[in-house]
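As structure tokens, the structure follows; a few thoughts come after it.
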Amino acid sequence: MDKPKVGIIMGSISDREVMNKAAAVLHELNVPHEMVVASAHRTPDRVREYAASAQSRGLEVLIAGAGWAAHLAGVIASLTDVPVIAVPIASSSLNGLDALLSSVQMPPGVPVAVMAIDGAMNAGLFAAQILALKYPEIQRRLQEYRKRQTEQILKKVSEFEQAG
């Protein structure tokens, strides 16, 4: 496998079910990636090392998923120049609203792209879109993915309309 271009980092092992959706779409698009667990609050040194070394290790996009109001993506964005995509996770009694607000309310000068609550699949697609600007083979696979997606939807619509 090629050297990872996307780093997927989650604040807790319990976030894996959601974050696997980003990994799945990257796998389908044949985009090399890695997954790690590191908490901005419980393992801050691990987060700091991961973020600080991301670019030198060849990572070009980071996807960070965390629940509660733990803003892993913002911490990572403050430590690297690599683009960061946040995935707020619905793990608290607030069903992810706390994670969404902590992600979307970044101070000026430290940007983070924010997906929907539990929107890891879109985070994977967005990471691929960023990479597609530089890598024609990823752009081609992304275009094929979208074509298949459209065909699948049109097939379902046709079946629905014929049954109705």
Side-chain angles (χ1 to χ4, degrees), residues 1-41 43-67 70-91 96 99-149:
M1 180 185 220
D2 288 335
K3 204 169 158 181
K5 293 184 182 354
V6 177
I8 300 171
I9 183 170
M10 61 199 87
S12 172
I13 292 170
S14 63
D15 299 332
R16 186 176 187 167
E17 184 178 339
V18 171
M19 299 309 288
N20 274 342
K21 294 172 186 170
V25 75
L26 291 170
H27 180 75
E28 184 174 347
L29 294 170
N30 197 24
V31 174
H33 58 280
E34 64 184 25
M35 292 181 81
V36 300
V37 177
S39 167
H41 299 91
T43 59
D45 292 338
R46 182 172 166 85
V47 170
R48 188 176 301 107
E49 173 56 33
Y50 186 82
S53 68
Q55 194 167 14
S56 66
R57 292 183 300 108
L59 295 174
E60 298 180 43
V61 182
L62 299 173
I63 301 172
H71 188 29
L72 179 61
V75 171
I76 291 170
S78 74
L79 298 168
T80 185
D81 293 329
V82 175
V84 178
I85 304 168
V87 177
I89 296 179
S91 57
L100 174 65
L101 292 174
S102 70
S103 298
V104 79
Q105 292 292 82
M106 286 300 298
V110 186
V112 171
V114 182
M115 299 296 112
I117 295 169
D118 293 344
M121 179 183 169
N122 275 351
L125 288 169
F126 192 58
Q129 287 178 306
I130 292 169
L131 294 171
L133 296 171
K134 181 177 178 183
Y135 300 100
E137 66 276 12
I138 294 175
Q139 181 179 33
R140 180 184 51 77
R141 290 192 295 267
L142 188 58
Q143 289 168 342
E144 290 169 359
Y145 175 91
R146 287 186 165 185
K147 183 179 177 186
R148 284 191 309 275
Q149 181 181 23

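- Contacts classified as salt bridge (charged side-chain N to carboxylate O under 4.0 Å, His left out) and involving residues 106-133 (residues at least two apart or in different chains) are not found.
- Applying the salt bridge (charged side-chain N to carboxylate O under 4.0 Å, His left out) definition to pairs two or more places apart or across chains, those involving residues 16-28 are E28-R148.
- With sequence neighbours left out, the salt bridge (charged side-chain N to carboxylate O under 4.0 Å, His left out) criterion links E49 to no other residue.
- Using a cut-off of 4.0 Å between Lys/Arg side-chain N and Asp/Glu carboxylate O, E137 and R141 are scored as not salt-bridged.
- Looking at residues two or more places apart in sequence or on another chain, you find no side-chain hydrogen bond (donor to acceptor under 3.5 Å, both in side chains) involving T43.
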Acceptor/donor pairs from residues 76-91 side chains to any protein atom, 3.5 angstrom cut, sequence neighbours excluded:
{"unit_1": "S78", "atom_1": "OG", "unit_2": "V75", "atom_2": "O", "d": "2.6"}
{"unit_1": "T80", "atom_1": "OG1", "unit_2": "V82", "atom_2": "N", "d": "3.2"}

Please walk me through it: do V31 and Y135 pass side chain to side chain contact (heavy atoms under 4.5 Å, CB included)?
CA-CA 10 Å; V31 174; Y135 300 100; over 6 Å; no
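- Judged as a salt bridge (charged side-chain N to carboxylate O under 4.0 Å, His left out), and not counting sequence neighbours, R146 has no contacts.
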For S103 and L100: C-alpha separation, side-chain torsions, deciding distance, then whether side chain to side chain contact (heavy atoms under 4.5 Å, CB included) applies.
CA-CA 5 Å; S103 298; L100 174 65; 5.5 Å; no
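- The backbone N or O of K3 sits nowhere less than 3.5 Å from a side-chain atom of R57 that would complete a donor-acceptor pair.
- Every residue meeting the side-chain hydrogen bond (donor to acceptor under 3.5 Å, both in side chains) condition with R48, not counting sequence neighbours, appears here in chain and number order: D45.
- Under the 4.5 Å side-chain criterion, counting only non-hydrogen atoms from C-beta, M19 is in contact with I63.
- Scored by the side-chain hydrogen bond (donor to acceptor under 3.5 Å, both in side chains) test, S102 finds no partners at all (sequence neighbours excluded).
- You'll find the side chain of I138 stays beyond 4.5 Å of the side chain of L29, heavy atoms only.
- Listed by chain and number, the residues in a side-chain contact (heavy atoms from CB on, under 4.5 Å) with M106 are H71, V110, V112 (sequence neighbours excluded).
- Legend: salt bridge (charged side-chain N to carboxylate O under 4.0 Å, His left out) pairs involving residues 58-67, not counting sequence neighbours, sorted by first then second residue: E60-K134.
- For the pair M10 and V18, the minimum side-chain heavy-atom distance is 4.5 Å or more.
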